[in-house]
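Excluded from the calculations below are hydrogen atoms, water molecules and symmetry mates; all remaining heavy atoms, backbone and side chain alike, are included.
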Amino acid sequence: MAAPPLAAVLLGVLALVAFPAAAEIRETVIRADPRTIIPLDEFGFSHQGILELNVSGIAFDPPASSDLDLSQFGFFLSTLDAWVHVLRQLQDLDVTCALQSDLVKLAYSFDRLKPAPNPAGVPVARSSSFTTAFRVSEPGQYTLVFANCLTGGNLKVSMDVSSAMYNVDPATGERAYLSVGSAALPSIYFLLCVAYAGLVAAWVSILLRKRAAVFRIHYFMLAVLVLKAFNLLAEAEDKSYIERTGTAHGWDVLFYIFSFFKGISLFTLIVLIGTGWSFLKPYLADREKKVLMVVIPLQVVANIAQVVIDESGPYARDWVTWRQIFLLVDVVCCCAVLFPIVWSIKNLREAARSDGKAAVNLMKLTLFRQYYVVVICYIYFTRVVVYALVTITSYRYLWTSVLAGEIATLAFYVFTGYRFRPEVHNPYFAIDDDEEEAAAEALKLDDEFEL
């Protein structure tokens, strides 16, 4: 009997470790799957953790013979640290199957399947289903994995798996279906929703008080704030229902809808502000329209990928592919929205040399440069720093990475609203000769801005 290929084993589990799935009751349909390792879900257990498995329709292709070693099939829980050592054991041939390692927690192996009786009461075959509950007394971040160690004969496995992982409150006996590191998320999302509701109220007040200076872009900024607030409310309710019941009760659908419109509107807003649309010029150039024609469809693809990733889970064979598509599309969108800002900066520099309004153009140039830097910092923090926090933070405090990303987003919204707020008395029109001369000299000394 050959040991499982290490490359396939490592890829299967590390995919889940790098991008944890949402914790909830999962229904997994596995059909003729030849993989040696199938990651199903990840969960952060406390001292009172329980894994419930309800598996039915177990079948093999080709059909199992009477001498098939069923102990080579089963479910186990493993932490990332333990899995690294298991890989070493497999490589050194200390064990030939991950189920044999004493470093993993064996939840169920198929040799425990009870014989199914025929009408005469005589057992003739193994049952094709089982239900079990496995208690986890050692807290940690565990991955639920199915192992098929019979790779030599290319034996394929089919089954329906219903898995539920939860922690039990020792005082009340209530179940919590959210991972330990995600338990604080419902409250965090709700408080952030309240914060954005406050921003919406403040922005409406500004628009009403300064109607004479309001442009269409300011109404679009209001729409982005409203969509973000509803997105956070849906996510708070989604996580709250999952925590109490293990299912989202439809709130995940609302979350995906608001995420879709929020993502498109945010990237569109950055592009429109970068082009100076509405408050600098009432139109979009052809190349700026092309950027929108690229960004919006890519955001549609990104949202589709996000839904597939969340709903299918890491057991799906194309899960890693969808994750790569999502990351690639996100990076392309982040890069694309920077170009209109750079174009506006260069146009302002050219205008400063030709129209004689050096001070006005220098102020606009400074504003767009600041926005360019802030957009880069926002993208870097939410795409790189937040991911780094996920990898280095203890599983108990994974909520901190979510909070950090949301605070960065909130700060970005506040900065954008403050710097591009409507102004009745535009400071560009209140410039004396001395300020004009000083601005002209500053432009002469200013280096060419490059991306």
Side-chain angles (χ1 to χ4, degrees), residues 3-24 26 28 35-51 53 74-92 94-108 134-149 161 163-167 177-185 309-310 312-317 319-320 323-324 327 384-402 404:
L6 293 183
V9 174
L10 184 60
L11 177 62
V13 174
L14 288 187
L16 178 56
V17 172
F19 306 101
E24 57 187 288
R26 283 198 175 272
T28 308
R35 286 179 290 175
T36 58
I37 288 294
I38 304 177
L40 297 174
D41 210 346
E42 189 176 40
F43 193 79
F45 287 104
S46 66
H47 291 280
Q48 301 288 331
I50 293 179
L51 161 66
L53 280 175
F75 295 87
F76 67 88
L77 293 169
S78 176
T79 63
L80 177 58
D81 291 338
W83 186 248
V84 172
H85 293 291
V86 172
L87 288 176
R88 187 172 302 151
Q89 288 180 332
L90 291 169
Q91 189 174 17
D92 296 339
D94 294 334
V95 295
T96 57
C97 178
L99 298 171
Q100 300 170 353
S101 174
D102 56 358
L103 300 175
V104 304
K105 297 185 179 298
L106 180 61
Y108 194 91
F134 182 80
R135 293 187 175 275
V136 181
S137 57
E138 298 179 13
Q141 187 83 354
Y142 289 89
T143 302
L144 173 63
V145 182
F146 173 76
N148 170 10
C149 296
V161 181
S163 61
M165 293 185 281
Y166 56 87
N167 294 309
Y177 288 91
L178 276 185
S179 180
V180 169
S182 302
L185 289 183
I309 290 167
D310 290 344
S312 65
Y315 66 86
R317 300 184 189 184
W319 187 86
V320 175
R323 171 59 69 175
Q324 292 171 341
L327 293 176
V384 178
V385 176
V386 170
Y387 175 77
L389 285 175
V390 173
T391 58
I392 66 176
T393 304
S394 169
Y395 78 98
R396 292 181 177 274
Y397 305 105
L398 288 178
W399 57 269
T400 58
S401 61
V402 176

Check side-chain contact (heavy atoms from CB on, under 4.5 Å) between Q324 and all other residues, then give those that pass, not counting sequence neighbours.
V320

Taken in chain and number order and not counting sequence neighbours, the residues that satisfy side-chain contact (heavy atoms from CB on, under 4.5 Å) with D92 are R88, D94

Are any non-hydrogen side-chain atoms of F134 and L77 less than 4.5 angstrom apart?
yes

From OG1 (T143) to CZ (F76), nearest 0.5 Å
9.0 Å

Which atoms form the tightest heavy-atom contact between L99 and G74, and what is the distance?
CD1-N, 3.5 Å

What one should report as the nearest heavy-atom pair of S401 and V386 is O-CG1, 3.6 Å

If you round to the nearest 0.5 Å, how far is OG of S137 from CD1 of I50?
11.5 Å

Supply the atom-to-atom distance D41 CG to M165 CE, rounded to the nearest 0.5 angstrom.
4.0 Å

Checking Y166 now: which residues fulfil ring-ring contact (aromatic ring centres under 6.0 Å, His included) with it, not counting sequence neighbours?
Y177

Nearest-0.5 Å distance that lies between atom CG in L106 and atom OG in S78
12.0 Å

Between the main-chain N or O of S182 and the side-chain N or O of S179, is there a donor-acceptor pair closer than 3.5 Å?
no

Minimal non-hydrogen separation, L90 against T96, with atom names:
CD2-C, 3.9 Å

Over all atoms of both residues, closest heavy-atom pair of T391 and A388:
OG1-O, 2.7 Å

Please report the interatomic distance CD(E42) to CG(L40), rounded to the nearest 0.5 Å.
12.0 Å

Which residues pass the side chain to side chain donor-acceptor pair (under 3.5 Å) test with Q48, sequence neighbours left out?
none

Report the residues that fulfil ring-ring contact (aromatic ring centres under 6.0 Å, His included) with F146, sequence neighbours left out, ordered by chain and then residue number.
F75, F110

All heavy atoms of R396 vs all of P139, minimum pair found to be NH2-CB, 3.6 Å

Return the minimal non-hydrogen interatomic distance between A98 and V104, and the atom names on each side.
O-CG2, 3.5 Å

If I take atom OG from residue S101 and atom CH2 from residue W83, how far apart are they, to the nearest 0.5 angstrom?
8.5 Å

Main chain of G181, side chain of Y395: is a donor-acceptor contact present, judged purely on distance under 3.5 Å?
no

How would you list all residue pairs meeting salt bridge (charged side-chain N to carboxylate O under 4.0 Å, His left out) that involve residues 75-87, not counting sequence neighbours?
none

Side chain to side chain donor-acceptor pair (under 3.5 Å) with S163: which residues, sequence neighbours excluded?
none

Residue list, side-chain contact (heavy atoms from CB on, under 4.5 Å) with V402, at least two apart or on another chain:
L185, Y189, E406

Considering only heavy atoms from C-beta outward, does the side chain of V145 approach that of I38 to under 4.5 Å?
no

Using the test ring-ring contact (aromatic ring centres under 6.0 Å, His included), find all partners of Y108 that sit at least two apart in sequence or belong to another chain.
F130

Go through it in stages, so that I can follow the logic: the residues are L398 and Q141, the test is side chain to side chain contact (heavy atoms under 4.5 Å, CB included), and I'd like the CA-CA distance, side-chain angles, deciding distance and then a yes or no.
CA-CA 11 Å; L398 288 178; Q141 187 83 354; 4.1 Å; yes

Partners meeting side chain to side chain donor-acceptor pair (under 3.5 Å) with S46 (sequence neighbours left out)
N167

Can you list everything that forms a side-chain contact (heavy atoms from CB on, under 4.5 Å) with A184? Sequence neighbours excluded, please.
I188, W399

